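Structure first, then comments.
Small disclaimer: the values here were computed from a predicted structure and weren't measured. Each chain gets a letter, A, B and so on, in the order its sequence line appears, and its residues count up from 1.
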There are 2 protein chains.
Amino acid sequence: MTIRNPQQTRERLLQAAFQEIHAHGFQGMRVDEVLRLTGLQKGAFYHHFGSKTKLGYAVLEEQVRPLIESLWLEPLTKIEDPVCDFPLLLDSLGERIPPTMHEHGCPLNNLAQEMASQDEGFQERIAQMFTQWIDAFEVMFEQGKPDGYIRKDVDSRTVARFVVTVLEGCIGMYKVDHAQEQWAACRSQISIYLQTLRPVNN
Amino acid sequence: MTIRNPQQTRERLLQAAFQEIHAHGFQGMRVDEVLRLTGLQKGAFYHHFGSKTKLGYAVLEEQVRPLIESLWLEPLTKIEDPVCDFPLLLDSLGERIPPTMHEHGCPLNNLAQEMASQDEGFQERIAQMFTQWIDAFEVMFEQGKPDGYIRKDVDSRTVARFVVTVLEGCIGMYKVDHAQEQWAACRSQISIYLQTLRPVNN
DNA sequence: TTGCGAACAAACTAGTTGGTCTGTTTATGA
DNA sequence: TCATAAACAGACCAACTAGTTTGTTCGCAA
């Protein structure tokens with residue numbers, strides 16, 4: 001008599017799938033390998049998820065999304081002076097992310113590059129998550145205006161788009177050759193860029 | 001009696017493979033589909049390329065590399081004032097790239113994100129091509145110094161790294177939802193950033 | 001207590017995929 | 001001209017892969 005725990009079974013499948021997708025991409029992820037990692041069988045898999053694609057959606061929403069939220073969205077709300085504090089947040093990133101991130105990059109960006117043009121379901125979910133991410137940055141810059149940290153005429157949304165772009169680009173570049181200079185370059189130059197958002201009459 | 005042309009046969013295979021890899025990724029590319037597109041048979045394929053992987057390498061070096069060179073490296077050599085001319089080069093990009101690029105993004109970046117952590121052969125070739133690309137930007141910024149376009153104390157390599165990062169990030173973001181604002185944001189903010197490279201006593 | 005659906009196990013299937021093997025035709029150099 | 005290798009055609013194969021089916025067991029509500 002084995003004790004059953006449907007929620008935990010589902011969660012185990014999700015975590016193993018997330019791990020495999022992060023390492024090999026969605027198309028590279030093998031259902032059989034997820035089963036091997038969890039010690040479960042086909043029956044369990046297709047009971048909880050109807051198909052490989054639906055599993056992918058679930059991983060995106062239940063694994064990747066919370067990760068982005070805790071790693072980025074939540075810390076951003078605590079930033080007072082974007083120009084000064086955001087680069088500091090970047091510095092702490094190395095310690096805040098799990099080791100697998102160094103090797104395989106940002107799971108959201110990976111899925112974005114692989115699946116956005118392949119599957120509409122992925123595309124929509126990914127686009128929404130990026131929008132949410134940009135929103136968080138926009139709020140951060142907007143909130144910096146009343147306190148005089150950011151110029152009033154700055155287009156916060158445009159700046160937010162740019163910052164997210166730099167982040168994804170940087171993580172992508174780092175994935176290629178893991179060069180420390182690459183990360184350092186983005187860190188220093190984003191800081192220089194942010195200085196341009198300061199009010200003129202300092 | 002059919003006329004044989006080994007070089008052309010090889011080239012046809014390369015072009016079809018490039019097209020398929022660009023559309024579906026390397027792992028998503030099917031040898032059979034390349035054969036169908038070219039009207040050739042397995043014999044021809046495995047005569048010219050020993051394996052799918054070797055074909056991938058050949059596509060990278062004989063299709064992607066020349067594309068990067070003609071689209072970026074070559075135009076960069078003609079730029080005099082980086083701060084002013086580079087954003088103009090970006091503006092002309094829309095007309096200079098083939099339509100498939102809009103849909104599937106940068107083939108080099110796609111392969112980078114998909115294969116860098118999967119296969120050492122890909123990783124090394126991709127890293128080298130990125131280095132070459134960064135080199136070209138570095139030269140551009142360095143050459144802008146004697147003429148007073150760029151501050152003498154600017155670290156050209158760091159700036160070059162940053163610019164390539166922004167480009168790849170931007171193309172990647174554009175791939176997700178094809179938003180015009182995304183492209184416009186990067187275009188305008190990269191221009192603002194480049195202004196910080198100007199000498200102070202203008 | 002019992003009935004019934006949820007939660008699995010496990011064998012099976014049909015289609016796909018990269019790659020091989022054998023044979024045939026074309027070019028090329030001696 | 002003729003031998004030899006290059007340049008293919010095309011059938012074949014073994015491994016893999018997502019998904020199905022059937023059957024069994026567990027948990028909960030009535």
Side-chain angles (χ1 to χ4, degrees), chain A residues 1-60 62-63 111 114-115 118-122, chain B residues 1-60 62-63 111 114-115 118-122:
Chain A
M1 153 183 171
T2 51
I3 297 162
R4 280 187 182 171
N5 192 335
Q7 283 183 324
Q8 183 183 306
T9 298
R10 185 187 149 89
E11 186 66 19
R12 279 170 58 205
L13 285 167
L14 274 178
Q15 286 181 7
F18 174 56
Q19 185 179 319
E20 285 299 297
I21 290 175
H22 194 202
H24 306 114
F26 175 74
Q27 302 184 78
M29 179 267 282
R30 305 298 164 192
V31 174
D32 285 347
E33 180 62 16
V34 171
L35 262 31
R36 199 187 64 79
L37 287 173
T38 55
L40 294 166
Q41 298 293 331
K42 281 284 171 75
F45 185 91
Y46 284 96
H47 172 74
H48 287 281
F49 308 95
S51 68
K52 183 185 175 183
T53 302
K54 287 183 182 175
L55 169 72
Y57 297 164
V59 165
L60 204 45
E62 300 175 43
Q63 296 284 126
L111 280 172
E114 181 190 4
M115 298 305 296
Q118 302 291 321
D119 181 288
E120 204 173 339
F122 273 102
Chain B
M1 155 182 171
T2 51
I3 297 161
R4 279 186 182 172
N5 192 335
Q7 283 184 325
Q8 184 182 306
T9 298
R10 185 188 149 88
E11 185 67 18
R12 278 169 59 203
L13 285 167
L14 274 177
Q15 286 181 6
F18 174 55
Q19 185 178 320
E20 286 298 298
I21 290 175
H22 194 202
H24 306 112
F26 175 74
Q27 302 184 78
M29 180 266 282
R30 305 298 163 193
V31 174
D32 284 347
E33 181 61 17
V34 170
L35 263 32
R36 199 187 63 79
L37 287 172
T38 55
L40 293 166
Q41 298 293 333
K42 282 283 171 75
F45 185 93
Y46 283 94
H47 172 73
H48 286 282
F49 308 96
S51 67
K52 183 186 176 183
T53 302
K54 287 183 182 174
L55 169 73
Y57 297 163
V59 165
L60 204 45
E62 300 175 44
Q63 296 283 124
L111 280 172
E114 181 190 3
M115 298 304 297
Q118 302 292 322
D119 181 288
E120 204 174 338
F122 272 102

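Summarising the geometry, the separation between CZ on B:R36 and C1' on D:dG10 is reported as 18 Å, rounded to the nearest angstrom. Atom CZ of A:R30 and atom C1' of C:dT16 are 11 Å apart (whole Å). Rounded to an integer number of Å, the gap from CD of B:E11 to P of D:dA7 is 15 Å. Atom CD in B:Q27 sits about 11 Å away from atom P in C:dG18, given to the nearest Å. What separates CG of A:L35 from P of D:dC16 is a distance of 16 Å, to the nearest Å. The nearest whole Å value for the distance from the CG atom in A:L55 to the P atom in D:dA18 is 11 Å. Atom-to-atom, CG of A:D32 to P of C:dA11 comes out at 14 Å; the value is rounded to the nearest Å. Per the geometry, CZ belonging to A:F45 stands 18 Å off P belonging to C:dA10, to the nearest Å.
The aromatic rings of A:F49 and A:F45 sit tilted, their planes meeting at an angle between 30° and 60°.
Taking the ring centre of A:F26 as origin, the terminal cationic atom of A:K52 falls inside the region bounded by 6.0 Å and 45° from the ring axis.
Between B:H47 and D:dC8 there is no side-chain polar atom (N or O) within less than 4.0 angstrom of OP1 or OP2. For B:H48 and D:dC8, the shortest distance from a side-chain N or O to OP1 or OP2 is below 4.0 Å.
No side-chain donor from either of B:E11 and B:Q7 sits under 3.5 Å from a side-chain acceptor of the other.
Of the listed nucleotides (D:dG10, C:dA27, C:dC8), D:dG10 has the atom at the smallest distance from the side chain of B:K42. With distances taken from any side-chain atom of B:V31 to the nucleotides C:dG18, D:dT20, C:dC8, the minimum falls on C:dG18. Distance from the side chain of B:Y46 is smallest for C:dG19 among the nucleotides C:dG19, C:dA6, D:dG19. Here the side chain of A:R4 is nearest to one of C:dG18, D:dC26, D:dA18, namely D:dC26. Distances were taken from every side-chain heavy atom of A:L40 (C-beta onward) to each of C:dA11, C:dC8, D:dA9; the shortest belongs to C:dC8. When distances run from any side-chain atom of B:Q41 to the nucleotides D:dA9, C:dA27, D:dT17, the shortest one goes to D:dA9. Side-chain proximity of A:A44 to D:dG10, C:dA10, C:dC8: nearest is C:dC8. Ranking C:dA7, C:dA9, D:dA7 by closeness to the A:P6 side chain, first place goes to C:dA7.
For B:G50 and A:T9, each mapped to the nucleotide of DNA chain C holding its nearest heavy atom, the one lying further toward the 5' end belongs to A:T9. DNA chain D is contacted by both B:Q7 and A:K52; B:Q7 maps to the nucleotide lying nearer its 5′ end (nearest heavy atom per residue).
The side chain to side chain donor-acceptor pair (under 3.5 Å) test with B:R10 singles out one residue from B:H47, B:E62, B:Q15, and that residue is B:E62.
Residues A:K42 and A:V31 form a side-chain contact, since some pair of their non-hydrogen atoms from C-beta on lies under 4.5 Å apart.
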